[in-house]
S.K.: 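Pasting in a structure now, in structure tokens, and then I'll have a few things to ask.
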Amino acid sequence: MKITILTVGKIKERFFRDAIDEYSKRLGKYCTLEIKEVSDEKTAESMSAAEEKQVKDKEGSRLLKYIKEGDYVITLEIEGVNLDSPSLADKINKLCISGKSSITFIIGGSLGLSDEIKDLADYKLSFSKMTFPHQLMRVILLEQLYRSFRIINNEPYHK
């Protein structure tokens, strides 16, 4: 199984990088993991809806370059489906069983994802109705992927 995480923006904080490195290392036992970062656009404090759309569209076109045909695309969106950890594990396991060998998770920038990226999604996943910084969301996603593979393999995990 190949897991790709496409994300807008770089990780600047060392503590986030350390957590990402740790979960990436742990996931190596279960899957091939690739993290692709695209640059984010500068955003002003107050932007019009048209300016926000323009930012999301620019970031979206950068993400599009990394989405391959045949990838099962899961976007992280507030409006997506909320799953508990066992249900996410079940979703990933069913994708593996059904022959999907490549799953791409997409994390947007500070303004979210472009409509074009959202329309490409095979599945829209939400971790919460709350908004999280994309750096923290990457750590949370990696931890949940690690937990999912532990569940799939009937290995103990913290409940």
S.K.: Check whether any side-chain N or O of Arg150 sits under 3.5 Å from a backbone N or O of Pro156 as a donor-acceptor pair, and report yes or no.
M.R.: yes
S.K.: Linking I/L/V/M/F/W/Y whenever their side-chain heavy atoms sit closer than 4.5 Å, directly or via other members, would Leu95 and Val81 fall into one cluster?
M.R.: yes
S.K.: Is Leu125 close to Thr75 at the side-chain level, that is, under 4.5 Å between some pair of heavy atoms?
M.R.: no
S.K.: Do the side chains of Gln144 and Ser85 get nearer than 4.5 Å, heavy atoms only?
M.R.: yes
S.K.: Looking at every heavy atom in both Ser126 and Gly80, which two are closest together, and how far apart are they?
M.R.: CB-O, 3.5 Å
S.K.: For a 4.5 angstrom cut-off between non-hydrogen side-chain atoms, does Lys100 reach Asp122?
M.R.: no
S.K.: Going from NE2 on His134 to CG on Asp40, what distance comes out if it is rounded to the nearest 0.5 angstrom?
M.R.: 5.5 Å
S.K.: If every non-hydrogen atom of Ile3 is compared with every non-hydrogen atom of Cys31, which pair is closest and at what distance?
M.R.: CG1-SG, 3.8 Å
S.K.: Compare every heavy atom of Phe16 with every heavy atom of Ile11, then report the nearest pair and how far apart it is.
M.R.: CG2-CB, 3.6 Å
S.K.: Please answer: with hydrophobic residues joined when any side-chain heavy atoms are less than 4.5 Å apart, are Leu111 and Met137 in the same cluster?
M.R.: no
S.K.: Between Arg17 and Asp21, is the closest basic N to carboxylate O distance under 4.0 Å?
M.R.: no
S.K.: Between Asp119 (side chain) and Glu116 (backbone), is there a donor-acceptor pair under 3.5 Å?
M.R.: no
S.K.: Does any non-hydrogen side-chain atom of Ile5 lie less than 4.5 Å from one of Ile106?
M.R.: no
S.K.: Roughly how far, to the nearest 0.5 Å, is the CD1 atom of Ile35 from the OH atom of Tyr23?
M.R.: 13.5 Å
S.K.: Please determine whether a side-chain nitrogen of the Lys or Arg among Arg26 and Glu22 lies less than 4.0 Å from a carboxylate oxygen of the Asp or Glu.
M.R.: yes
S.K.: Which of these passes side-chain contact (heavy atoms from CB on, under 4.5 Å) with Thr104: Leu120, Ile74, Asp71?
M.R.: Asp71
S.K.: Counting C-beta onward and ignoring hydrogens, is there a side-chain heavy-atom pair between Tyr66 and Val38 closer than 4.5 Å?
M.R.: yes
S.K.: If you measure from CZ on Phe15 to CD on Gln135, what distance do you get to the nearest 0.5 Å?
M.R.: 8.5 Å
S.K.: Does atom NZ of Lys129 have more than 12 heavy-atom neighbours, drawn from other residues, nucleotides or ligands, at distances under 6.0 Å?
M.R.: yes
S.K.: Roughly how far apart are Leu27 CG and Leu33 CG, rounded to 0.5 Å?
M.R.: 6.0 Å
S.K.: Any donor-acceptor pair under 3.5 Å linking the side chain of Asn153 with the backbone of Phe149?
M.R.: yes
S.K.: Under 4.0 Å between a Lys/Arg side-chain N and an Asp/Glu carboxylate O for Arg62 and Glu41?
M.R.: yes
S.K.: Does a salt bridge link Arg138 with Glu37, judged by any charged N lying under 4.0 Å from a carboxylate O?
M.R.: yes
S.K.: Working to the nearest 0.5 angstrom, can you tell me the gap between Leu63 CG and Ser114 OG?
M.R.: 7.0 Å
S.K.: In terms of hydrophobic clusters joined by side-chain contacts under 4.5 Å, are Val8 and Ile20 together?
M.R.: no
S.K.: Taking C-beta and beyond as the side chain, do Ile107 and Leu141 meet within less than 4.5 Å on heavy atoms?
M.R.: yes
S.K.: Atom CD1 of Ile97 and atom CG of Asp90: how far apart are they, to the nearest 0.5 Å?
M.R.: 8.0 Å
S.K.: Which atoms form the tightest heavy-atom contact between Thr4 and Lys2, and what is the distance?
M.R.: OG1-CE, 3.6 Å
S.K.: Is any side-chain N of the basic residue among Lys56 and Glu52 closer than 4.0 Å to the acidic one's carboxylate O?
M.R.: no
S.K.: Is there a side-chain contact between Leu64 and Ile117 in this structure, where contact means two heavy atoms from C-beta onward sitting under 4.5 Å apart?
M.R.: yes
S.K.: Counting only heavy atoms not in Lys25, do more than 12 fall under 6.0 Å of its NZ?
M.R.: no
S.K.: Under a 4.5 Å cut-off applied to non-hydrogen side-chain atoms, are Val73 and Tyr123 in contact?
M.R.: no
S.K.: Between Asp57 and Lys53, is the closest basic N to carboxylate O distance under 4.0 Å?
M.R.: yes
S.K.: Identify, with sequence neighbours excluded, every residue that meets side-chain contact (heavy atoms from CB on, under 4.5 Å) alongside Glu79.
M.R.: Glu77, Lys118
S.K.: Among the clusters formed by ILVMFWY side chains lying less than 4.5 Å apart, do Val55 and Leu76 turn up in the same one?
M.R.: no
S.K.: Decide whether Val139 and Tyr30 are clustered together by the hydrophobic rule: side chain heavy atoms of Ile, Leu, Val, Met, Phe, Trp, Tyr closer than 4.5 Å, transitively.
M.R.: yes
